[in-house]
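Working notes for the structure below.
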Amino acid sequence: MTDNLRIHHHPVVNFNHGKQISIRFNGRPVPAYEGETIAAALYASGIRIFSRSMKYHRPRGLYCLSGHCSQCLMRVNGEPNVRVCQTIVKENMVIESQNAWPSLQFDIAAIAGKLDFLIRPGFYYRYLIKPRWLYHIWERFLRNAAGIGKIADNSKPPSPVKRIQASPQVLVIGGGIAGMSAALNAVRSGAEVWLVEKEGKLGGRLQYDTREFELPEKGSKKYAFEYVVEMANKLANYTCFHLLTNTTAFGWYEEDVIAATGPGKFWEFEPQCTIIATGSYETPPVFENNDLPGIFLSTGIQRLMHRDGVLPGKQTVVISSSNEGYVIAKQLYEAGISVLGIAESRSGQSSNACPEKDFILSKNIPVFHSHKIKSAIGKKQVKGVVLESLPDPANSNPGTETKIACDTICISGSRAPANDLLFQHGCGGTYIINCPDHFIRKPEVNNYMSVSDGLYAAGEAGGSNNIKQSFIEGKIAGLSATKYLGIGDRLTDEKLNIAVEQLQR
Ligand code: FES
């Protein structure tokens, strides 16, 4: 049941919307609930364009809701370039759009999109230095056009950042299911573990995933978000566990120093063991109009629906290249959205069965096998989608187009490991074909998740594409780290071998 786009009743998630408050967006009051993000409040109140692109001023809307893109940058309480999908509302907060005049909806600079023949790729604004006498006129115009956002109103210098050095026994980078599983297995052996997580809570994207599954040793099925809450609670009971949230490990420097930055702090870690469990990024396909407001990454949609309690739209088409497409389609359906179809690049024969696919078929939702998205239709927001059939033995007419009217497109593309730190450190890797026209680089790890002495990679950062696999890999990495440190108990080897066997099954 939904009231406009707010979800009030959901079959799986209980929403406890906080107290109603008011924020101001471009001078007008917007209702919001305490505890939700600015993005959720604005989206629920009907805002679809959140920013304009830098060069052609194309409209941009919410996309990843994970802090990975720049589509939701706004000025918040005078501070420019704040990601509103990551910022919680506060009473009387003042939010302003940037980079658009007179408004986000109607931006005069969008004319640049019509004059693209004048400013082709490779065009540099320094071409305008001639004739010399015109330059000062251009300069004023260019100064206004360049950059995004206006400098902060508050001229107070920021408070100094505290520099802290730490040498934990085990440093886990990434607090998703693999990172939590690694940390749990290491702390159980008595290791002193520090976990660095870039978001405010442990769990990664599974915090917002309502799929049900059974993990080894757990004995019964649970929702993904229940598992991560349970594991986070267990970790909190260990005094040798130290959690740094809202902290990003961004560099691995000479002399084995890992640098991380969090609120007011700059960390320099020199751990004895490091476990990289940084997860993965969604890598969407490229198609015409792929930046239109109304196009979302599947994890963005999960965050909007299950974190913020807001629907992305009323009618959606899912674009997919794996079973993940069926998972998100089921979740959209359960939240109350009409799923008008799933276009998946795999053929009917190569698409393997999964419970979510059975669910979708039982609801008579059309599945377009061997189809890709050709373009999104719409000017300021999605009005429809054009699908194109791919060559396939079962399809005598490749290139056939199908148009579907919809207000949202959910992209459930393939994923690429977020393993930049590993390669910064110089670890070996191989390129593998993830799905047609998509390569990923996988680090070379042995059966014990070891990349080199004292360095481990677990979960999607190492190339896993399955929740159970990530959980087991985390367990192996945590146990291997304690073994390397020489603090495992007599059962460590036995547990390790069982976990390695489970992984190979
Ligand atoms: S960073 Fe906010 S939508 Fe991507």
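One-based numbering along the sequence shown. Atoms within each ligand, like the ligands themselves, are counted from 1 in listed order. The analysis underlying the following values was restricted to heavy atoms, covering all of them including side chains, and did not include hydrogens, waters or symmetry mates.
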Practice item. Report yes or no: do S375 and N289 form a side-chain donor-acceptor pair below 3.5 Å? Key: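 Note: S375 and N289 side chains miss the donor-acceptor criterion.
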Check your understanding: Between S280 and E460, does any side-chain donor sit less than 3.5 Å from a side-chain acceptor?
Key ->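 Short answer, yes.
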Practice item. Take atom NZ of K380 as the centre, draw a 6.0 Å sphere, and report whether it contains more than 12 heavy atoms from other residues, nucleotides or ligands. Key: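 More than 12 within 6.0 Å, yes.
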If the plane angle is over 60° it's perpendicular, under 30° parallel, otherwise tilted; pick one for [X] and [Y].
{"X": "F266", "Y": "F250", "result": "tilted"}
{"X": "Y33", "Y": "H17", "result": "parallel"}
{"X": "Y281", "Y": "H68", "result": "perpendicular"}

**Study point:** Protein-derived N, O or S atoms lying under 2.8 Å from atom 4 (Fe) of ligand 1, waters excluded
**Key:**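 Step by step: take atom 4 (Fe) of ligand 1, keep protein N, O, S below 2.8 Å, and you get 2.
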